Amino acid sequence: MTSPAQHPAIQRDLEDGSRSPLQVPNAAPALAPLPPKLSLRGISRNFRNSNQHDLLALERIDLQVRPGEFVCVVGPSGCGKSTLLHLIAGLAQPSAGTVLLDGRPVDGPDTGRILIFQDLGLFPWLTVIQNVEFGLRMAGVPKPERRFRSRNYLRLVHLGEFEDSYIHQLSGGMRQRVALARALATEPDVLLMDEPFAALDAQTRDLLHDELERIWRETGRTIIFVTHNVREAARLGDRVLLLTFRPGRVKREFTIDLPRPRHLEDVEVARTARDILDELRDEINKSREAEYRHDKTSR
Amino acid sequence: MTKRAARQVLFYAVLLGLWILIARLKIWPPYILPTPKGVWEALAAGFADHSFWIAIEVSMRRIAIGYGISVLLGVVLGLAIAGSKFLEDTLGGLLVSLQSLPSICWLPLAVLWFGLTEKAILFVVIMGSVLSVTIAMETGRQQMPRIYAMAGRNLGARGLKLFLYVLLPASLPYLVSGLKQGWAFAWRSLISGEMIFVSLGLGQLLMLGRDLNDMSQVVAVMLLIIAIGYLVDGLLFRTLERRLQEKWGLSPAA
């Protein structure tokens, strides 16, 4: 694992990130038979709801993720997207099936797999830099070293000047970046992101898409990114996984080999998004109907 | 703010003026109503012969120990109750009902158990304040967003580290009102407990004043007790609350 300090790419600016000769091609050659970084085998998960009915949230999910791959997961609300990330993070246990990281079964949370929650879960009692270095502190990394490493990650997300701020003093986009830096600081193999940009305004989101793409390329992390925004998935992912509405099953997989860096407005991105959306629409309707029925019965 | 300060100065000046006036009229003898001058002299004499200093030191040491134990015990108990449905249904209910019992009611029991000793006083102090801390910690743990614990675990915090670096700071906004209430109860319980025997504390100084018909000393010690309570509240808890607000933003645990 390389620390960002040794990474020549980090000094580069966000605009010229794409054309540098230093750039490592991220899309692994299709021929190379790399062992999967992460594999899910027959993952199911059910919940017991308040009236003692079992609710199947995820059903027999199989997935192989290559090292350094950027996988987006889309689906209607209630398809178990977030549950899937919690299972991979080890914060919840599957009812059936196994999650394997580098071929070893996952049992419990680990700093090798960091989940960025939808609500971020930044610690309001700590400053920005204390948040970022939290994982290193828990790992017993001495203070000078963890400060140094955390500062590099803060610089990577362009928040170098805000290290002593408290979380409530930051804007939504800045908080997102702190969460990203905090997740990156433990140098996880796999980064799990749960609709991280859902609550942001459009400009901030565009900017963070660019930054995430750049950071992903510079750090070589494997990313699983959950969103309900199909455009976002098409703009970011090497591959987009479409989940069905309750129980969540993999309905279709889209491989997206559009050149990077991409933009949300690219015609190709828009066209891919439309293809995905056509498939997604049925599931969204199912989810709407279920909500409607629920409204009626609960009245 | 200046307007508020001016009002307060005026209010206390009028209060003092009334006191001086009524004392001058000599309707009651000084052992019923002391003069401000007498109280001032009692204060000066108490500090000059070190008896007040000793009483303050003894009382502060007791409350530091008693309240300290209360906070530790309350945090542990509160966490245990919040973490177990069984404890919540059983012990949780008992503690809430015990809260309606004034802490001084424990004194006869404490004297029978421990005799007229330091332990009896500490027992009353602890019983007076532990419930507030426990209940605040319990609600804090339950109302704290689950995401902090999850994020902490994901970032490698386990067991004691998770508790010290995540659960405890995350519950502090909920806990602080309980800590404050616990302190107030502890302080009252302490003074009451000290009145019963030769305990060297501020409570005993009050009773000594009564035994000697020295109303000036009684009032002087009362002022001292108010001042210390006010100072601790201002220095300790206001600071804590202000720091929480700075860190968490405007409304911690709104």
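Reminder, nothing fancy here: chain letters follow the sequence lines and each chain counts from 1. Only heavy atoms go into these numbers, but all of them, side chains included; no hydrogens, no water, no symmetry mates. The shown structure was predicted, so the numbers you read here are calculated from the model rather than taken from an experiment.
The neighbour count for A:R41 CZ, taken as heavy atoms of other residues, nucleotides or ligands under 6.0 Å away, does not exceed 12. Counting heavy-atom neighbours within 6.0 Å of B:Q8 CD, excluding the residue itself, gives a total above 12. Surrounding CZ of B:R158 are more than 12 heavy atoms belonging to other residues, nucleotides or ligands, all under 6.0 Å away. Remark: B:M60 CE is packed, more than 12 non-hydrogen atoms of other residues, nucleotides or ligands lying under 6.0 Å away.
Contact annotation for A:D110: only backbone heavy atoms (N, CA, C, O) come within less than 4.5 Å of a heavy atom of chain B. Only the backbone of A:R113 comes within contact range of chain B, with at least one heavy atom under 4.5 Å from a heavy atom of that chain. A:L120 touches chain B through its backbone: at least one of N, CA, C or O sits under 4.5 Å from a heavy atom, while the side chain does not. In this structure, the portion of A:L122 lying under 4.5 Å from any heavy atom of chain B is its backbone and not its side chain.
Annotation: the span from B:K247 atom NZ to A:T127 atom OG1 amounts to 8.5 Å, rounded to 0.5 Å. Taken to the nearest 0.5 Å, the CZ atom of A:F123 stands 13.0 Å off from the OH atom of B:Y165.
Between B:K161 and A:M138, the shortest heavy-atom contact is NZ-O, 2.8 Å.
Contacts from residues 131-156 of chain B to chain A, taken as heavy-atom pairs separated by less than 4.5 Å, involve B:I147, B:Y148, B:M150, B:A151, B:G152, B:R153, B:N154, B:L155, B:G156 in sequence order.
If you tally non-hydrogen atom pairs under 4.5 Å between each of A:G90, A:S165, A:A183, A:G135 and chain B, the highest count goes to A:G135.
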